[in-house]
Novice: 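Before I ask anything, here is the structure I am working with.
These numbers come from a predicted model, not from an experiment.
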Amino acid sequence: MSIDLKGKKVLVTGGNRGIGLATVRKMAEAGAQVAFTGRSEKTVAAGLAELKGVPKISGRVCDVTDRDGMAGIMAEGFDILVNNAGVIAPIGRIENVDIKDWAQNIEVNLVAAFFAVQQAIVTMKQRGGGTIINLSSGAAHNAMEGWSAYCSGKAAVAMVTKCVHKEYGEQGIRVFGFAPGIVDTDMQGSIRASGINPVSQFKREVLAPAAEPAHAMAWLCTAAADELVGQELDVRNKDFRKACGLKVPT
């Protein structure tokens, strides 16, 4: 399925690896001008090296929890925001996790994501609209042992998505919550190492490639996905996969 994003400016947070990196690649291949954030010069350089030869890509050194830094980036004005940056830690039962680590997870996965949305809305309204994709998860809707912070943060982000649609949908702001499935990333490596819940038992060879959710998110940025605006979507849903052009398992 051909996806055309020519003329669009895109920001992918945490786009230096994993799902973020694959999304940067896909958006750029679809014709968009794509910027991504990474927490250090080293991580940004590594991302750019992986994307060597892909046109219209640039990296920004910025931790998503840096309010001033993110405000400066968002002020550039983007047609599409992919709120991808996130962390899984701390992994552990509630009585055993450090409250500082728990709060940091919420700061990254929820508060920083909300701040990026807040900043995007301002410039998107000026540009006549835009698309926001908040990375969601099955954990937003189902409690998982050892992931109390991650589940709580993602559940809250799902509600932020609904609130954005309620407040700004009629002003041209298209927003989606998108669960990418169980993908072969460094985060999944940490999950497997923990051994704490059923997700940690998945063998690496059965994990999905990052290119699948990347393709789906690029498709969400087109008019073909308009009837799904405001919803929480899961890449594993057969009807969704068929609509966006991904192979449907038999």
Side-chain angles (χ1 to χ4, degrees), residues 1-39 43-62 64 73-74 76-86 116 120 123-124 127-136 174-188 207-229 233-237 240-249:
M1 177 182 289
S2 178
I3 297 173
D4 186 359
L5 297 178
K6 293 183 181 68
K8 301 296 185 182
K9 287 183 64 178
V10 181
L11 178 69
V12 180
T13 64
N16 56 289
R17 62 181 181 175
I19 294 171
L21 183 73
T23 304
V24 171
R25 182 187 302 277
K26 183 63 182 182
M27 298 278 192
E29 289 174 348
Q33 178 181 333
V34 190
F36 70 89
T37 67
R39 286 184 290 180
T43 58
V44 169
L48 291 172
E50 287 286 336
L51 295 162
K52 186 177 181 180
V54 182
K56 299 182 180 179
I57 290 174
S58 60
R60 307 281 193 278
V61 178
C62 185
V64 291
I73 292 171
M74 297 308 301
E76 297 176 29
F78 295 93
D79 302 293
I80 298 164
L81 167 65
V82 179
N83 248 332
N84 167 75
T123 56
M124 285 180 179
R127 297 168 75 88
T131 298
I132 297 170
I133 300 175
N134 291 322
L135 264 288
S136 188
R174 306 166 74 254
V175 63
F176 304 90
F178 176 72
I182 303 176
V183 181
D184 189 10
T185 63
D186 289 345
M187 181 183 288
Q188 284 299 324
L207 303 182
E212 283 197 358
H215 172 91
M217 284 190 277
W219 179 80
L220 287 175
C221 297
T222 71
D226 281 353
E227 65 179 21
L228 301 177
V229 168
L233 306 165
D234 193 312
V235 75
R236 292 165 292 192
N237 179 277
F240 177 74
R241 292 180 69 88
K242 183 177 180 180
C244 71
L246 288 174
K247 183 179 180 181
V248 179

Novice: Drop me the distance from E29's CD to I3's CD1, to the nearest 0.5 angstrom.
Specialist: 10.5 Å

Novice: Does K247 offer a backbone N or O that forms a donor-acceptor pair with the side chain of R241 under 3.5 Å?
Specialist: yes

Novice: Okay, side chain of K9, backbone of G77: is any donor-acceptor separation there less than 3.5 Å?
Specialist: yes

Novice: With the side chain counted from C-beta on, respond yes when V10 and D79 share a heavy-atom pair under 4.5 Å apart, and no when they do not.
Specialist: no

Novice: What heavy-atom pair brings C221 and I133 nearest, and what distance separates the two atoms?
Specialist: SG-CD1, 3.9 Å

Novice: Does the T13 side chain pair with the main chain of T37, one donor and one acceptor, at a distance under 3.5 Å?
Specialist: no

Novice: To the nearest 0.5 Å, tell me how far T43 OG1 sits from N16 CG.
Specialist: 4.5 Å

Novice: Using side-chain heavy atoms (C-beta onward) and a distance below 4.5 Å, is L81 in contact with T131?
Specialist: no

Novice: Can you name the nearest heavy-atom pair linking A218 to K26, along with the distance?
Specialist: CB-CG, 3.8 Å

Novice: Are M217 and V82 close enough that some pair of their side-chain heavy atoms sits under 4.5 Å apart?
Specialist: yes

Novice: Identify the two heavy atoms, one from G177 and one from S136, that lie closest to each other, and give their separation to 0.1 Å.
Specialist: C-CB, 4.2 Å

Novice: Hey, could you give me the CG/OG1 distance between D4 and T222, rounded to the nearest 0.5 Å?
Specialist: 9.5 Å

Novice: Would you check if the side chain of N83 reaches a backbone N or O of L135 as a donor-acceptor pair within less than 3.5 Å?
Specialist: no

Novice: Please verify the inter-ring angle class for F240 with F178; under 30° counts as parallel, over 60° as perpendicular, anything in between as tilted.
Specialist: tilted

Novice: OG1 of T23 to CD1 of I80: how many Å apart, nearest 0.5 Å?
Specialist: 11.0 Å

Novice: Quick one: closest heavy-atom pair of L51 and R25, and the distance?
Specialist: CD2-CB, 3.7 Å

Novice: Is there side-chain contact between L11 and F36, with heavy atoms separated by less than 4.5 Å?
Specialist: no

Novice: Of the non-hydrogen atoms in A120 and I132, which two are nearest, and what is the gap between them?
Specialist: CB-CD1, 4.4 Å

Novice: With a 4.0 Å cut-off, would you call E50 and R17 a salt bridge?
Specialist: no

Novice: Any idea which heavy atoms bring L220 and F176 closest together, and the distance?
Specialist: O-CE1, 3.4 Å

Novice: Taking NZ, NE, NH1 and NH2 as the nitrogens, is one of them in E76 or R60 under 4.0 Å from a carboxylate oxygen of the other?
Specialist: yes

Novice: Check for a donor-acceptor pair, side chain of H215 on one end and backbone N or O of C244 on the other, with a separation under 3.5 Å.
Specialist: yes

Novice: Mind checking the CE-CD1 spacing from M27 to I57? Nearest 0.5 Å is all I need.
Specialist: 11.5 Å

Novice: Do the side chains of K56 and V34 get nearer than 4.5 Å, heavy atoms only?
Specialist: no

Novice: To the nearest 0.5 Å, what is the distance between CZ (F78) and CE (M124)?
Specialist: 9.5 Å

